[in-house]
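Notes follow the structure.
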Amino acid sequence: MSTFTLEIVTPERKVYAEDVNMVIVKGTEGELGILANHVPMVTPLRISSITIKKDRTEEIIAVSGGFVEVRKDKVVILAESAELPHAIDEARAQAAKKRAEQRLGGKADEYDFRRAELALQRAMNRLAVKQRG
Amino acid sequence: MAKGMREIKRQIKSKQNTKQITKAMEMVAAAKLRRSQDAALAARPYTEKIREVVASIASSGGSIKHPMLETREVKRTAYLVITSDRGLAGGYNVNVLRKVSTALREHKSANEYSIFVIGRKGRDFFNRRGIPIAEEVTGLSDSPSFSDIKSIAAAAVQGFEAGKYDELYIVYNQFHNAITQTPVLKKLLPLADLESTGSKTSYEYEPTPEDVLNVLLPKYAETVIYSAILEGKASEFGARMTAMGNATKNATKMIAGLTLTYNRARQAAITQEIAEIVGGANAQQ
């Protein structure tokens, strides 16, 4: 099966750089699976998990605030945060989830509401990845 | 004479203590400098990538419009000032704050600018002068993570988008090497020089180029702020290292001078004592 280079980069470091067979991401317009020789494209990503398939093994990474750039020879995912399951601090994610839920329960203006909602999404995404990983 | 000697001895002792401290600080700064340089380098691929994509969208079609790309009439200017939390870093903070002050003096009234500040030194500086601060971040770690500065960066960028001000400048110390850092005042928004460099790939954008740009431009601005902060950190340690290196050198020189004076005084005291004994012995004969 043909492969391509997948790079996942955050502002702090390069999280992942390997040859893979397929990567599945959730874009703002929907889920898409990218194989080698995909047409060049750019799309923002949702707060979600990405699945990487490589030689019959699967890896899963939690990303938030990212977008994907598909080039002829490689795929680059740029994200504000990207974590492999073992890098996720479960207790912290649980705490963040609880905090966000409390904020959503209370009265808040629209801006705070949006923020809490995003925080909740991030926390739930992390927990989901941790469980699957 | 003996009293003067004790005084000199005390001075030597105190210089030695100071030297020990400055020497330790120099070494700590050198170690941290390495780390922050690495962090600044690690952030580079991300910044460059976003820049590349943004530039390729901006140059692909002439029809794309975005508030962050448009120059509008300047009624109010915002400054994002990056300073350190601690002093003893030579001219690090002074240079940056002088740069800001010069820029602020050109405004007619305080309504024409807002200040975002990072670092205790900068905050205290503006507080003392009664200049209102829009947002501040202090107590940043030595190797700040993106999430540490996300809130202030986002606030600065959102203010521009909302039209609270029409220009955003970022003021920080540019890092050249451990010895030279230059304070710079850089215009961050509206984004101007976005000509694409290097490879030109035509992408497909999902959903549309405009929507992608809407997501990417604020991100790009935040990333630029983040890398400026990392560079500021590297500059801080570079400046502190140099300053402390100089302090150590000066202390060594002073100790040498004082030791010489001390020995001279000691010798003079001995000579005098001998002269007194000889004089006394002669008188008894």
Side-chain angles (χ1 to χ4, degrees), chain A residues 5-17 25-34 37-47 63-83 87 89 92-93 96 110-112 114-115 118-119 122-123 126, chain B residues 35-36 38-57 60 141 143-151 153-155 158 162 198-220 222-230:
Chain A
T5 314
L6 171 71
E7 279 181 20
I8 301 177
V9 187
T10 68
E12 279 136 44
R13 65 205 175 87
K14 203 176 259 184
V15 179
Y16 191 94
V25 301
K26 286 189 189 70
T28 45
E29 297 296 282
E31 203 157 350
L32 68 158
I34 300 163
N37 301 317
H38 195 281
V39 68
M41 67 161 242
V42 173
T43 187
L45 297 180
R46 274 188 261 159
I47 297 170
V63 294
S64 77
F67 69 98
V68 59
E69 181 205 17
V70 183
R71 288 205 287 186
K72 284 195 198 89
D73 49 342
K74 65 174 178 181
V75 174
V76 182
I77 293 174
L78 294 162
E80 276 167 27
S81 76
E83 291 150 322
D89 183 345
R92 204 178 133 199
E110 201 186 325
Y111 179 65
D112 282 340
R114 288 268 320 142
R115 265 187 22 181
L118 287 176
R122 280 196 297 269
R126 284 202 174 104
Chain B
R35 226 175 302 148
S36 56
D38 290 346
L41 279 183
R44 210 162 277 172
Y46 185 84
T47 320
E48 268 161 22
K49 245 312 46 106
I50 291 204
R51 189 192 162 79
E52 202 180 296
V53 176
V54 168
S56 85
I57 302 175
S60 64
S141 83
S143 37
S145 69
F146 190 68
S147 50
D148 288 339
I149 60 99
K150 166 100 179 147
S151 68
Q158 272 160 14
S199 65
K200 269 201 178 171
T201 331
S202 56
Y203 295 103
E204 270 181 19
Y205 300 102
E206 212 180 282
T208 61
E210 282 85 357
D211 287 323
V212 175
L213 211 55
N214 273 339
V215 177
L216 285 195
L217 277 179
K219 237 186 249 291
Y220 173 64
E222 285 163 20
T223 320
V224 173
I225 293 173
Y226 180 61
S227 50
I229 289 169
L230 289 180

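The shown structure was predicted, so the numbers you read here are calculated from the model rather than taken from an experiment. Reminder, nothing fancy here: chain letters follow the sequence lines and each chain counts from 1.
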Contact class of B/Ser145 relative to chain A, heavy atoms under 4.5 angstrom
both

Heavy-atom cut-off 4.5 Å, strictly under: side chain, backbone, both or neither for B/Phe146 against chain A?
both

B/Glu48 portion near chain A, given a 4.5 angstrom heavy-atom threshold
neither

Tell me, for A/Val42 versus chain B, whether the close heavy atoms (under 4.5 Å) come from the side chain, the backbone, both or neither.
both

Within a radius of less than 6.0 Å around CG of A/Asp73, do more than 12 heavy atoms belonging to other residues, nucleotides or ligands occur?
yes

B/Leu216 versus chain A, the contacting section by heavy-atom distance below 4.5 Å:
side chain

Verify, without hydrogens or angle tests, whether B/Lys219 (side chain) and A/Glu80 (backbone) share a donor-acceptor contact under 3.5 angstrom.
no

Spatial distance of atom CG (B/Leu230) from atom CD (A/Glu12) [nearest 0.5 Å]
8.5 Å

Here the gap from A/Leu32 atom CG to B/Glu206 atom CD, rounded to the nearest 0.5 Å, amounts to 6.0 Å

For A/Thr10, is it the side chain, the backbone, both, or neither that has a heavy atom closer than 4.5 Å to a heavy atom of chain B?
backbone

To the nearest 0.5 Å, what is the distance between OG1 on A/Thr43 and CD on B/Glu204?
11.0 Å

Just do the side chain to side chain contact (heavy atoms under 4.5 Å, CB included) check on A/Val76 and B/Lys49 with the steps written out, would you?
CA-CA 9 Å; A/Val76 182; B/Lys49 245 312 46 106; 3.6 Å; yes

